[in-house]
Amino acid sequence: MAKILTKGLDLWYGSFHALKGINSSFEANRITAIIGPSGCGKSTLLRVFNRMNDLIEGVRTEGEVLMDDKNILSSDMDLVALRKKAGMVFQRPNPFPLSVYENIVFGEKIHAEKVARDRLDEIVETSLKCVLLWDELKDRLSESALRLSLEQKQRLCIARLLAVKPDILLMDEPCSTLDPQATAKVEELMRELKVRYTIIIVTHNMQQAARVSDDAGFMLLGELIEFGKTQDIFTAPRDKRTEDYITGRYG
Amino acid sequence: MKNTYRTQKIAFSLLFLATLLIVIPVGLIVVIIIQKGLPAINWQFLSDIPRQGMRAGGIFPAIVGTIYLVTGAIIFALPIGLLAAIYLSEYSKDNLLTRLIKLAIVNLAGVPSVVYGLFGLAIFVVFFKFGASILSGSLTLGIMILPVIITTSREALESVPYSFREVSLSLGASKWQTIRHIVLPNAVPGILTGTILGLGRAAGETAPILFTVAAFYLPRLPGSIFDQAMALPYHLYVISTQVPNVDEKIRYGTAFVLLSLVLFMNLVAIIIRYQFRKKKKW
Ligand SMILES: Nc1ncnc2c1ncn2[C@@H]1O[C@H](COP(=O)(O)OP(=O)(O)OP(=O)(O)O)[C@@H](O)[C@H]1O
Ligand SMILES: [Mg+2]
């Protein structure tokens, strides 16, 4: 069963039609990559899944997005619950200007009725272990997160997200500010995480999509042109435009 | 070629002179006040009540009065100003009402201080029947410094990067939780700076307290917020123009204390701002 299913999803920024009749399905425990040229609506689609587009004035969405069979676009959707369930990793690593520790427990402090100190310690340890940062940072927990390297920051952001126990990880070009080595590490991490999470990654980097994803979708000018197994899309695209993009014939 | 160079030289010199012209009066004021005021400063001057028709003794009641007034003004203006700033920066939509409010704040900042005095007299002293009292004076000063506090607080709030709010919301925090845990803590230095600048302004103004609180001569400390009080700027005015034959030393001593108070507050504001800039890394 699909974790996320979109049916005839349309989105407008004011009068600009940014997503056009998107039908797609995202499976649990798989990594789905969304590729396409700049401005085609990848981020917009991703931000539908945690309703971050709601923050932008003049956005109108139509159609259905079923997450675990529940339409998240309905007006009575609990946004706090939705955003706990579908967490987002942003393009630029954006830790809060707080300590490593405080960054990770932010979600728990916000969501829990009462927070016990040892519970927080435990969350910090498990979250950091999940992103393979524990050994590096266990002695630097009180240091400012702004002092970490870019890659550590991005992994810390992922840890901060895992601490609120999401099901789904929405990643919007999470490696675009990282060097190849750091990128490889984050990709490795994604492969480990997919055992427990549903991962959707937006990427500009064709090799990255080919390397990490199980499924892939190609978008162009707000339309989802092709959607399927990554292998199929990269070796035998059905649509001419997909082929052109993958082989680099688009600007 | 040569002409452009000369024009540039002249323009540069003019700009430099203009800048220098700003520094000279400030420097002169400070030097003169220190030179003539400092010799008057001793423990007795700071801790004694005025004596012999204010021609001798100290200025303790005026110092205390000013501290009371400034504290009262901040107790009133900081919460209101901060809440207004939060509303304007975080909640308000760009509509007619918001623009009207912003316009009002800008204009409030430009109102002459004597008008605040009259306003305070009409509203607090007469209408609310607080009489000439610390309460009336504090409220009047509070209203006067509201624009400073709102404007600087709003700037501080708005300078917190959008990405922080975005992450916080994406982690399931509500808007208020985001403001409370992320936006406000990062805006505190800016808010503090604005508050202290407001304090400095409140401490130095004479006109707003003239009709609302200031006592000509009150050789004891105020007992409650419904009492009148002496205050440094008004006391300075009184001993300079209303009482004949006051020793120059006492006048300049009073000015010295007032100036020190205000400059000290500004200095604190500058230090906070500097420290914050140094630490800020986003
Ligand atoms: N807030 C907004 N208001 C109006 N139009 C917007 C807004 N955000 C995005 N758009 C437009 O919607 C389209 C899709 O934007 P989106 O950010 O989803 O593209 P993208 O595929 O993520 O691009 P990139 O690869 O550059 O990140 C673009 O044409 C963009 O100009
Ligand atoms: Mg994007």
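Computed from a predicted structure; not experimentally measured.
Atom CZ of Phe16(B) sits in a sparse spot, with 12 or fewer heavy atoms from other residues, nucleotides or ligands closer than 6.0 Å. Within a 6.0 Å radius of CZ in Arg180(B), no more than 12 heavy atoms belonging to other residues, nucleotides or ligands are found. Under a cut-off of 6.0 angstrom, the local environment of CZ in Arg273(B) is sparse, with at most 12 non-hydrogen atoms contributed by other residues, nucleotides or ligands. Applying the 6.0 Å contact sphere to OH of Tyr91(B) captures more than 12 heavy atoms from other residues, nucleotides or ligands.
When heavy atoms are compared at a cutoff of 4.5 Å, Ile110(A) approaches chain B by way of both its backbone and its side chain. If you measure heavy-atom distances from Pro166(A) to chain B, you find no contacts under 4.5 Å at all. Neither the backbone nor the side chain of Arg51(A) comes within contact range of chain B, judged by heavy atoms closer than 4.5 Å. Heavy-atom distances place both the backbone and the side chain of Asn94(A) under 4.5 Å from chain B. Contacts between Leu171(B) and chain A at a heavy-atom distance below 4.5 Å involve backbone atoms as well as side-chain atoms. With a threshold of 4.5 angstrom between heavy atoms, Lys93(B) approaches chain A through side-chain atoms but not through N, CA, C or O.
The CD atom of Glu57(A) lies 8.5 Å from the CG atom of Asp94(B); values are rounded to the nearest 0.5 Å. Note that CG of Asn186(B) and CG of Leu98(A) are 7.0 Å apart. Values are rounded to the nearest 0.5 Å. From Ser170(B), atom OG reaches atom CG of Leu170(A) across 9.0 Å, with rounding to the nearest 0.5 Å. Here the straight-line distance linking atom CZ of Phe106(A) with atom CD1 of Ile182(B) works out to 4.0 Å at 0.5 Å rounding.
Between Phe96(A) and Phe164(B), the shortest heavy-atom distance links the atoms CE2-O, 3.5 Å.
Classification of Glu166(B) and Arg92(A) as a salt-bridged pair fails, no side-chain N sitting under 4.0 Å from a carboxylate O.
Side-chain atoms of Val167(B) and Arg160(A), non-hydrogen and from C-beta on, do get closer than 4.5 Å to each other.
Between the side chain of His181(B) and the backbone N or O of Lys109(A), no donor-acceptor pair lies under 3.5 Å.
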